[in-house]
Number of protein chains: 4
Amino acid sequence: MTIGRTGGRQRSSSARQAVLCATAELLDEQGYGKITIEGVAARSGVAKSTIYRWWKSKPALVMEAQAEAVAQRMPEPDTGSVEADLIAFAAALYRVVEFPLRVEALRGMMAEAQLDSDFAGHFREWVQSRRKVMSDILSRGVARGELAADLDLDHATDLIFGPFWYRLLVAHAPLDPADAPAHITRLLAGLRRPSVG
Amino acid sequence: MTIGRTGGRQRSSSARQAVLCATAELLDEQGYGKITIEGVAARSGVAKSTIYRWWKSKPALVMEAQAEAVAQRMPEPDTGSVEADLIAFAAALYRVVEFPLRVEALRGMMAEAQLDSDFAGHFREWVQSRRKVMSDILSRGVARGELAADLDLDHATDLIFGPFWYRLLVAHAPLDPADAPAHITRLLAGLRRPSVG
Amino acid sequence: MTIGRTGGRQRSSSARQAVLCATAELLDEQGYGKITIEGVAARSGVAKSTIYRWWKSKPALVMEAQAEAVAQRMPEPDTGSVEADLIAFAAALYRVVEFPLRVEALRGMMAEAQLDSDFAGHFREWVQSRRKVMSDILSRGVARGELAADLDLDHATDLIFGPFWYRLLVAHAPLDPADAPAHITRLLAGLRRPSVG
Amino acid sequence: MTIGRTGGRQRSSSARQAVLCATAELLDEQGYGKITIEGVAARSGVAKSTIYRWWKSKPALVMEAQAEAVAQRMPEPDTGSVEADLIAFAAALYRVVEFPLRVEALRGMMAEAQLDSDFAGHFREWVQSRRKVMSDILSRGVARGELAADLDLDHATDLIFGPFWYRLLVAHAPLDPADAPAHITRLLAGLRRPSVG
DNA sequence: ACATAACCGAGACGGTACGTCAGGTCTTGAC
DNA sequence: GTCAAGACCTGACGTACCGTCTCGGTTATGT
C-alpha cells in the first residue's frame, strides 16, 4: 500500500549517479577545495538546476558522494573483549590516512561544517553515527564489568575521535595505524582507574 | 650607503587598527563565514588595496585580529606538580567556550586551514606554539620522575587538544571547564601505567 | 461513422477555459510583462505541457484570451456620411484608453510582435482585420463621391491607426476620445484636397 | 573648475567602445531579439560585471549603441517654408528603412519600452528629442503665418511619427521615402483648413 | 627646500561562481 | 489519447566578491 504522488516523471537515477560519480572524480583530481557546482555539472553532463534540485550545497553533495563511495562501512567488532574491539576499531579508523583523497574530503566536510550551519547539522548526524559504533563497544564492556559503571561514555569516545580528527586537521604529526594498540592501552588504563591519584 | 628604502610615507597605524577593529566587529556581528575583504574595507574606511597590501588573505587578517584581541596569553603554570599544572592549563583552555565569538573565530580558522594550504602553515605554527606550553609541563613532569621517561609527548598532548578541538568543531556535547580536573586525572592514569593490562 | 481519430480522451474544455481565465486574471493583476507560462499553469491548475500542447507561446495565449474577453467587436458604422462614420469609428477606437488593462495587453502584444516573428504573423492578421473596418468606410465614401477616387487607402487608414498606436505606445500625451471629431475633420480636409499647394 | 571625485581609476574608454561596438555588431548579425549581455561580454572581451556597472539593461545598452552609431543627427531643415522643411524632415525620417538593422533596433527598443517601465522613461526622452525637431519646424511656420496660431502641435507631430512608427512596427505595407512629399502635402492641407466642413 | 618614494583613498577592471528563473521537452501513471 | 505532475536540459539572468590595476593626492624622509 503506497502513499503519495501518482503522476510525474521519475527521478533519473542515471543523472544522480553521473553527478555523484563526477563529484568523486573531481574530488580525486583537484581536491575538495576546488570543487564547484558548475564544474560538477559540466563534468557530469547534468544541468546545474538539476543538481540544485537535489542537493542543497556543495558539502551536501560531497557528503553523499563520500557515503556512496565508502559503502563498505566501518567494522563493528565484537570479540568479547573491550580492548580487542577497540584496537580493531581504532586501527580501522586510522587507516583512512592510507587514502589521501578521503582524508581531503573529510577535512573539507569538517571545514564546511564550521562555515555553514545548515550543513553542520547533517554533518553532525553523520559524525554521531560513527561515534555510536564506538560507544556500543564501550557499553558492552561496561555490561561485562570490564569498565566502571559510571564511565563517561562521551569523553571516552572523544579520546579516540578527538586525537584522530585533531591529527587529520592539524597535521602536526603523522597518524599511524600501528600506534592504535598503544593508544587504546593507554586509554583503557585511564578509564579503568579514574580516581587513582 | 644605505640598503633598502630611503624615503617614503610610513605605514599608517590608524589604518591598521581600523582594519583589525572592523574585522573584530564583523566577526562579532556576522560570524567568520560572512566576513569579506570588501566588507572589512567598507566598515573600516580603509581601501581594499591597502588591506591587500598588508594581509594576504581573509584568514590571515582574522588570525591577526584574533591575536590582537586575545593579547593576554595562555597561562604557563609551574607549580611543581604535573597534575596541578595540567589542571590549570586545561581549565584555562576550556574557558574559551565562555567567549562564543572567540570560539567562532577558532572554528573559522581551523576551517580555512583545511581549505587554504597557504594559510594552513601559519595556522599550524600558531597551534604548535599552544602545544608547546603543554608539552613543557609534561617535560618537567618527566624530569621530576612523575612521568615515565619514554612518554609519547605528542600523543599525550593530543589527548588534551584533540578532544578540546573535537568538541569545539563537532559540538556534539558541551565543553565544560568544570570537567578539566576529571579529564586530567584520567589522562594521567593512562600515562603513568601505559603497560598495565 | 466518424472520420479521423477513433479513440482517446477528448480535449478538456474546462482546462481550456481555466487557462484563458487564469491568463486574463494575471493580465489584470500583474500586467502583460509579468505573465509567465508557469504562472498561468500554477494559477489555472493546468499542466504546463497541456498549455504548450494548445498554444505555441505566451503572446498567442494572451491574444486568444484577449479575443475571448473582448467578444463585443468594434462597431462598423454605416450612416451614409464618411465623416459621421469615421467619427464614430475613431471615438470607439479611442475609448480603449478607458480600459487600462486592455491597453496594457495591446502594448504587450505589439511588443511581442516585434520580438517574435512567429507571433508577428498572427498579430498582423488581427491588425489587418481591424484596419478593414476603416478602409470599408473610406471605400464607401469614395463610391459615394465624397472622397477622391485615387485616394491612398493605406495611408489614410494609417493616419488614424498610426497616431492611435503611437500615443498608446509612447504615451507622450493622453489619448482623448473627445478629440476624435477634430482629428477626423483635419484628416478629411487633407484627403479631400490632396493637391492644394 | 571641476567638481566631484578625486580618486579612483578612470573609466576605460576602450572598454566602453568595445562594448558599444560589439553590441552594434551583434545587432547587425543576429538582430535585437538575440542580443544578450553575456554575448556582448564575450564578443567585446569586457567583463559582464563591467557592462552591468555602466548599463542597466540590454535596451539601455542598445539605445546608447544606436545613438553612438547614428552620430550624424537628423537634419534640422530651415528653408523658410514649412512645406519644404517638413518634406526634407520626413524624407530623412523615412530613409531609415534603407538600414534594416537600424529598423530592427528601433523596433526592439519600442518593444522593450512596453515591457520595462524603467527603460520606458529613457526611451520616451529620446523620442521627445526627435519630436522636438519637427515641432520646431511647425512653430516657425506658425510664426511666419503659414499655419494657424491655434495649431495642435502634438497632434500634428503625431501625424508624421504615428504612421511612421506604425508602418515600422506593423509592417503591413512598405514605408517609402518617395511618398514623403505626398504625405506632407496631405498633412498641410488638413492643418491649414482645420474647420472646413 | 625639495625630490624621492612609499603610502593611502577610491574605485574601475577582468574574472569566477553563485543561486535563480523560465523556457521548452520528455516520461509516467491515471483517467 | 489527453491530462496532471513533475523531472530534465538549456541558457541567460543579475549579484557578490575576488584580487589586480590605475589614478590623484598625501606624508615622511635624506640630501
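We name chains A, B, ... by the order of the sequence lines, and we start the count at 1 in each one. Side chains are part of it too, since the values below use all heavy atoms of this structure and drop only hydrogens, waters and symmetry mates.
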- Item | Check: A:Met110 main-chain N/O paired with B:Gln114 side-chain donor or acceptor under 3.5 Å | no
- Query: Atom CZ of B:Arg11 to atom P of E:dG9: distance rounded to whole Å?
  - Reply: 11 Å
- What is the distance from CD of B:Gln10 to C1' of F:dG30, rounded to the nearest Å? 13 Å
- Ionic contact status for D:Glu104 with D:Lys34, cut-off 4.0 Å: no
- Atom-pair distance (CD on A:Gln30; P on E:dT16), nearest Å: 14 Å
- Query: Please give, in whole Å, the distance from E:dG14 P to D:Glu38 CD?
  - Reply: 15 Å
- Rounded to whole angstrom units, what separation is found between the CD1 atom of B:Ile35 and the P atom of F:dC17? 12 Å
- Task: Calculate the interatomic distance between D:Arg9 atom CZ and F:dT22 atom P; express it in whole Å.
- Result: 6 Å
- Message: Could you check whether D:Arg107 pairs with D:Glu112 (Lys NZ or Arg NE/NH1/NH2 to Asp/Glu carboxylate O, under 4.0 Å)?
- Response: no
For residues 19-27 of chain B, dump all side-chain donor-acceptor pairs below 3.5 Å to protein atoms at least two apart in sequence or in another chain.
{"residue": "B:Thr23", "atom": "OG1", "partner": "B:Val19", "partner atom": "O", "Å": "2.7"}
{"residue": "B:Glu25", "atom": "OE1", "partner": "B:Arg43", "partner atom": "NH1", "Å": "2.3"}

- Give, for atom CG of A:Leu106 and atom CE of A:Met63, the distance between the pair rounded to the nearest 0.5 Å. 11.5 Å
- At how many degrees, to 10°, do the end axes of the helix from E:dA1-F:dT31 to E:dC31-F:dG1 meet when each uses five pairs? 10°
- Note on the structure: In short, D:Ala113 meets D:Phe123 closest at the heavy-atom pair CB-CD2, 3.5 Å
- DNA chain F contacts made by residues 45-57 of chain B, counting heavy atoms under 4.0 Å: B:Lys48, B:Ser49, B:Tyr52
- Task: Take atom CZ of D:Arg43 and atom P of E:dG14, then tell me their distance rounded to the nearest Å.
- Result: 17 Å
- Given that A:Ala15 and B:Lys34 both sit by DNA chain F, which one's nearest nucleotide is further toward the 5' end? A:Ala15
- Query: Does A:Ile37 or D:Ser12 map to a spot on DNA chain E nearer the 5' end, using the closest nucleotide for each?
  - Reply: D:Ser12
- Query: Is any side-chain N of the basic residue among C:Lys58 and C:Glu38 closer than 4.0 Å to the acidic one's carboxylate O?
  - Reply: no
- Between E:dG24 (P) and C:Lys58 (NZ): distance, integer Å: 10 Å
- Under the side chain to side chain contact (heavy atoms under 4.5 Å, CB included) criterion, do D:Arg16 and D:Trp54 qualify, and how do the steps go? CA-CA 9 Å; D:Arg16 179 174 178 278; D:Trp54 299 109; over 6 Å; no
- Message: Would the distance check show the side chain of C:Ser44 and the main-chain N or O of C:Val40 forming a donor-acceptor pair, the cut-off being under 3.5 Å?
- Response: yes
